K.L.:
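Below is one structure. I have some questions about it.
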Amino acid sequence: MNSVLPGQSQRVLSGMRPTGRLHLGHYHGVLKNWVELQNQYECFFFVADWHALTTHYDDPQVIEDSVWDMVVDWLAAGVDPQNATLFIQSRIMEHAELHLLLSMITPLGWLERVPSYKDQQARLHNKDLGTYGFLGYPLLQSADILIYRAGLVPVGDDQVAHVELTREVARRFNHLFGREPGYEDKAREAVKKMGKKAGKLYEQLRTSFLQKGDQEALEKARALLQGQKNVSLGDKERLFGYLEGGGKIILPEPQALLTTASKMPGLDGQKMSKSYGNTIGLREDPGEIEKKLKTMPTDPARVRRDDAGNPDICPVWPLHEVYSDDKTRKWVRQGCTSAGIGCLECKQPLVEAILVELEPVQRRARDFSKDPMLVKNIVSEGCRRAQEVAEETMEDVRESMGLAYH
Ligand code: TRP
Ligand code: SF4
């Protein structure tokens, strides 16, 4: 269970870069998780098209082609627009505005130290990633997260450093701009709005924390504050900060929500990834999928049918670990090591399991792709909702940075 941080909302935000067709790796690693989260939390999921441009600036066609297909794939996987807000980053200009404003206070060293910066530059060495935009990639991500005041950010372990940076940027922002003129007076006024009883309790808990470092009192006060119905958002920010003796918390710090899903193995035993060419696409033709599985490599030492094999060095085995029950796995190990079954036979249950899994996904994908207007309307509605939230945050941000004079 994630502990609740100051002013932290239970809002979930995540994004995906539109850089090609989605495959089973996305389905198992990300989408199934989103589908679960949407039933537990308020969720915002978006197409990170500006992020895609930071690395694919020389190939914008791929981005353009992938945006709508990606949304269709999300919907096909079961992401439900009734339960989650789906939108496109570049439609919400406020992301760019917040990115710019955050850039004023973000030390270059913080960005240069993010591990993905040097890693990706080394990995994509044939592309010039010495750009301003690429260096700013994680800060743009911070803006994406902070603008929705998201508390939870489901990401893979390669993205945890970006959430960590987001926390540091938020802390710095609050520290620099959370101390508005007359802050203490405003905070005391806000306490009154909680009502006599709750206000008194808040003061007591605050004193316990500030004077004795009582962590439990801090937790209690936060919970009390979270539940206040008559206190405006701005006052809540003040009171969360006041609690700890600091300023107003304008941008709450998010937490990474690590996906427990195991990595989906590809057709060669490595992690499934477009760059390894070992994928099964979500919308690939079932006949093609069957062919791919039937021709995928097996234990190289098992040349003839009557050679015994070793599942531990066979790329087919990790797929059984994802798709097969104990009984089937036992049958595989037993049959393989005794040459009792052939490799095609061994693969058959996988072919079936994967096609059964993809059948409803492909059916929904067909339905949605037949109705592009429906998909566009879903995204338009999502953009409208996202923008409302983003705009509300930006009003606070502009005001705190002295930009509310126009
Ligand atoms: N950087 C993420 C990735 O490559 C995509 C992303 C952009 C994102 N903005 C985000 C993820 C905000 C979570 C939250 O996968
Ligand atoms: Fe691999 Fe199965 Fe063939 Fe054994 S029987 S080598 S596990 S495909």
Side-chain angles (χ1 to χ4, degrees), residues 11-19 22 25-26 29-30 33-34 37 43-56 70 87-90 92 95 98-99 114 116-117 119-120 134 136-148 150-163 165-166 254-259 265 267 269 273 293-321 324 328-351 386:
R11 184 179 283 150
V12 166
L13 173 112
S14 202
M16 208 189 273
R17 294 150 31 96
T19 53
L22 299 192
H26 298 106
V30 183
N33 187 232
W34 285 10
L37 289 169
C43 286
F44 283 72
F45 299 128
F46 73 99
V47 181
D49 53 349
W50 280 338
H51 275 97
L53 268 179
T54 64
T55 50
H56 288 61
M70 197 164 87
F87 66 100
I88 296 174
Q89 182 183 35
S90 66
I92 318 291
H95 287 235
L98 185 58
H99 177 214
V114 173
S116 58
Y117 180 59
D119 289 357
Q120 290 268 78
F134 186 67
Y137 183 111
L139 190 64
L140 179 58
Q141 185 163 352
S142 300
D144 299 335
I145 298 168
L146 296 174
I147 206 160
Y148 298 102
L152 302 170
V153 185
V155 283
D157 41 16
D158 59 322
Q159 299 283 312
V160 172
H162 296 174
V163 179
L165 172 83
T166 305
Q255 268 187 323
L257 194 61
L258 269 172
T259 349
L267 292 167
S273 158
L293 286 163
K294 285 192 165 156
T295 53
M296 76 177 274
T298 60
D299 174 357
R302 194 173 185 203
V303 185
R304 283 181 313 251
R305 168 67 178 77
D306 50 8
D307 293 333
N310 177 4
D312 294 331
I313 54 168
C314 176
V316 176
W317 175 250
L319 288 169
H320 277 294
E321 289 189 308
S324 300
T328 310
R329 288 191 208 169
K330 224 179 190 161
W331 169 79
V332 169
R333 296 201 75 91
Q334 169 72 32
C336 177
T337 50
S338 65
I341 57 168
C343 291
L344 280 180
E345 232 176 304
C346 172
K347 290 169 172 179
Q348 195 51 39
L350 291 175
V351 173

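Please read all numbers here as calculations on a predicted model, not as lab measurements. Atoms within each ligand, like the ligands themselves, are counted from 1 in listed order. Only this structure's heavy atoms are used, side chains among them; waters, hydrogens and symmetry mates stay out.
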K.L.:
Nearest to atom 9 (N) of ligand 1, what protein heavy atom do you find, and at what distance?
P.N.:
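Ranking protein heavy atoms by distance from atom 9 (N) of ligand 1, first comes D144 OD2, 2.7 Å.
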K.L.:
Taking backbone and side chain together, does C346 place any N/O/S atom at a distance below 2.8 Å from atom 2 (Fe) of ligand 2?
P.N.:
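Given the 2.8 Å cut-off, C346 counts as a ligand of atom 2 (Fe) of ligand 2.
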K.L.:
I'd like to check which ligand 1 atoms, numbered from 1 as shown, lie under 4.0 Å from a non-hydrogen atom of Y137.
P.N.:
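Checking each atom against Y137, I get 1 (N), 2 (C), 3 (C), 4 (O).
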K.L.:
For a 4.5 angstrom cut-off between non-hydrogen side-chain atoms, does L13 reach F46?
P.N.:
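Result yes, sub-4.5 Å side-chain heavy-atom pair found.
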K.L.:
When you look at F87 and Y148, which way does the ring pair (Phe, Tyr, Trp, His ring centres under 6.0 Å) test go after all the steps?
P.N.:
CA-CA 13 Å; F87 66 100; Y148 298 102; 5.3 Å; yes
K.L.:
May I ask you to decide if S90's main-chain N or O and D49's side chain share a donor-acceptor pair within less than 3.5 Å?
P.N.:
yes
K.L.:
Show your reasoning for whether side chain to side chain contact (heavy atoms under 4.5 Å, CB included) applies to D312 and R333.
P.N.:
CA-CA 9 Å; D312 294 331; R333 296 201 75 91; 2.9 Å; yes
K.L.:
Any idea which atoms of ligand 1 are less than 4.0 Å away from a heavy-atom of V153?
P.N.:
13 (C), 14 (C)
K.L.:
Counting heavy atoms only, which of Q141, Q159, Q89, R17 is nearest atom 10 (C) of ligand 1?
P.N.:
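Minimum heavy-atom distance to atom 10 (C) of ligand 1 goes to Q141.
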K.L.:
Which ligand 2 atoms, with their elements, are less than 4.0 angstrom from a heavy-atom of D299?
P.N.:
6 (S)
K.L.:
Would you check, one step at a time, whether the test side chain to side chain contact (heavy atoms under 4.5 Å, CB included) holds for L140 with Y137?
P.N.:
CA-CA 5 Å; L140 179 58; Y137 183 111; 5.9 Å; no
K.L.:
Tell me which protein heavy atom sits closest to atom 5 (C) of ligand 1, plus the residue, atom name and distance to 0.1 Å.
P.N.:
G15 O, 3.6 Å
K.L.:
Which of the atoms of ligand 1 are close to S14, meaning less than 4.0 Å from one of its heavy atoms?
P.N.:
13 (C)
K.L.:
Under 4.0 Å, heavy atoms only, figure out whether ligand 1 is touched by the backbone of L140, its side chain, both or neither.
P.N.:
neither
K.L.:
Within a reach of under 6.0 Å around CD of Q334, are more than 12 heavy atoms found that belong to other residues, nucleotides or ligands?
P.N.:
no
K.L.:
Identify the closest protein heavy atom to atom 1 (Fe) of ligand 2: which residue and atom is it, and at what distance?
P.N.:
C314 SG, 2.3 Å
K.L.:
Are any non-hydrogen side-chain atoms of T298 and K347 less than 4.5 angstrom apart?
P.N.:
yes
K.L.:
If you have a sec, work out which protein heavy atom is nearest atom 3 (Fe) of ligand 2 and how many Å separate them, to one decimal?
P.N.:
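Residue, atom and distance for the closest contact: C343 SG, 2.3 Å.
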K.L.:
Using a 3.5 Å cut-off on N or O atoms only, is H162 in polar contact with ligand 1?
P.N.:
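No: no nitrogen or oxygen of H162 is under 3.5 Å from one in ligand 1.
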K.L.:
Walk me through it: do H320 and V316 pass the test side chain to side chain contact (heavy atoms under 4.5 Å, CB included)?
P.N.:
CA-CA 7 Å; H320 277 294; V316 176; 3.9 Å; yes
K.L.:
Once rounded to the nearest 0.5 Å, what's the spacing between atom OG of S142 and atom CG of L165?
P.N.:
4.5 Å
K.L.:
Any atoms of ligand 1 less than 4.0 Å from a non-hydrogen atom of L13? List them with their elements.
P.N.:
12 (C), 14 (C)
K.L.:
Going through the distances and angles, do H99 and Q141 end up as a side chain to side chain contact (heavy atoms under 4.5 Å, CB included)?
P.N.:
CA-CA 8 Å; H99 177 214; Q141 185 163 352; over 6 Å; no
K.L.:
Of the choices P315, C336, A308, A339, which has the non-hydrogen atom that lies closest to atom 4 (Fe) of ligand 2?
P.N.:
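Going through P315, C336, A308, A339 one by one, C336 has the nearest heavy atom to atom 4 (Fe) of ligand 2.
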K.L.:
Any heavy atom of R302 closer to ligand 2 than 4.0 angstrom?
P.N.:
yes
